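Okay, so here's the structure we're looking at.
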Amino acid sequence: MRRPTDSGDRPSRLSIFLRRQKRLIRPALLGLVLVGLVAGGVMALRHVGSDPRFATLRGRIINMLPLRVTEIDVTGCVLTSENALQEALGVRTGDFILGFSVKAARERIDALPFVDHSVVERHLPGTIVIHLFERQPFAVWQNHGHFMLIDRAGNQVRDKGMTGKDAETFRQLPLVVGPDANLAAAAMIDELTAQPEVSSHVVAAARVGQRRWNLTLRNGTTILLPEGQEVAALKRLAQMQETIKILDRPVIAIDMRLPDRLIIRENPVTPNDNSNGPDQGDGPPQAAPTSDQAPVQPWLDPDNGLRRRRA
């Protein structure tokens, strides 16, 4: 007696596969629908965002969104004004934190005066962090009648013009004059700072021949320093100032270029003396430097300005 086979009742492999995958088809279709809706929404938002007619609606939608700016942290801000930094950042407390470009904000901040570069970070949910790296003005450089701020390395520090309240601060910086004076300013200013008895009388340091310095005092006296021996000469000046108040005397020039002697040129008493021309390198001491070797108004205050003395 033959047993009946159940091959006719067994489902096919295809039907078994489809039955197993049936539970995955419905979620896949739902995912495709969601993708289509998202894509359509993005296209609609792009159209709304670029159409000025939807500006009001766009503003309402943004106001309804979460993730607001609750804090703006700034470090390294010394010379940059708060108003200028706020305007360059382009976002304020309460604004939508995802509604501004970090890259664009950084580029605007980097364009501000005194800013060398910056780092702008967005920390969700509501904090913006700004790190400023400013170029600190070290001195004022006068070259061919033009004034500019320089850093310690002699590089120009960008500014919007030395006027207003900032100019009052810049007036307190040391003044160096002449071609390449910016490159040698740091060493000269450090040497002057080490001798406060001398530096308190100095209003400008002029570079002569791109190799040595002339100092101009508040009373108009010119001090001719030796090439490469500035430290020893300044120490000698400080000692003489302490003992005989040499920097307070109304003389035209103090020539220290020779190591074994000190030449003091006083106001001439004869009218035929025509030695009031500009200093020419290693020539004899003169009454006053040229316009490129001396500060000009309006940089110095009238009470502290340089006064040319005629023979």
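On a predicted model such as this, the values are computed, not experimentally measured, just so you know. We use all heavy atoms of the structure for the numbers below, so side chains are in, but hydrogens, waters and symmetry mates are not.
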hydrophobic_cluster_shared for [Y] and [X], side chain cutoff 4.5 Å:
| X | Y | result |
| --- | --- | --- |
| L98 | I72 | yes |
| V102 | V129 | no |
| L183 | V176 | no |
| L217 | I264 | yes |

Under 3.5 Å side-chain donor-acceptor pair for [X] and [Y]:
| X | Y | value |
| --- | --- | --- |
| Q241 | D248 | yes |
| N219 | T221 | yes |
| E71 | T93 | no |
| D110 | S118 | yes |

If we ignore hydrogens and angles and just use 3.5 Å, is the side chain of [X] paired with the main-chain N or O of [Y] as donor and acceptor?
| X | Y | value |
| --- | --- | --- |
| E134 | V78 | yes |
| R218 | V203 | no |
| R212 | L225 | yes |
| R108 | L89 | yes |
| H201 | E197 | yes |
| R122 | F100 | yes |
| W141 | G178 | yes |

A side-chain contact here means heavy atoms from C-beta on lying under 4.5 Å apart; do [X] and [Y] qualify?
| X | Y | result |
| --- | --- | --- |
| R236 | L262 | yes |
| E121 | H131 | yes |
| N143 | N182 | no |
| T75 | I130 | no |
| L79 | R135 | no |
| M256 | L237 | yes |
| V157 | F114 | yes |
| I150 | V140 | no |

Reported [atom1]-to-[atom2] distance for the pair [X] and [Y], which is rounded to 0.5 angstrom:
| X | Y | atom1 | atom2 | value |
| --- | --- | --- | --- | --- |
| I223 | D255 | CD1 | CG | 11.0 Å |
| R257 | E227 | CZ | CD | 11.0 Å |
| I263 | L224 | CD1 | CG | 9.5 Å |
| Q136 | D116 | CD | CG | 11.0 Å |
| S199 | D190 | OG | CG | 11.5 Å |
| L234 | L215 | CG | CG | 6.5 Å |

[X] and [Y]: which non-hydrogen atoms are nearest, and at how many Å?
| X | Y | result |
| --- | --- | --- |
| R68 | G94 | CD-O, 3.2 Å |
| F138 | D151 | CB-C, 3.5 Å |
| M188 | A205 | CG-CB, 4.3 Å |
| L132 | C77 | CD1-CB, 3.8 Å |
| L149 | L173 | CD2-CD1, 4.0 Å |

Full working for side-chain contact (heavy atoms from CB on, under 4.5 Å) between I109 and T80: CA-CA 10 Å; I109 293 174; T80 304; over 6 Å; no
Stepwise side-chain contact (heavy atoms from CB on, under 4.5 Å) check, I252 with E266: CA-CA 5 Å; I252 293 178; E266 298 181 345; over 6 Å; no
side-chain contact (heavy atoms from CB on, under 4.5 Å) evaluation trace for T216 with V177: CA-CA 10 Å; T216 303; V177 187; over 6 Å; no
Sequence neighbours excluded - salt bridge (charged side-chain N to carboxylate O under 4.0 Å, His left out) pairs with any residue from residues 79-93: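 Non-adjacent pairs meeting salt bridge (charged side-chain N to carboxylate O under 4.0 Å, His left out): zero.
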Connected-component partners of V119 among ILVMFWY, side-chain separation under 4.5 Å: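 V119 clusters with F133.
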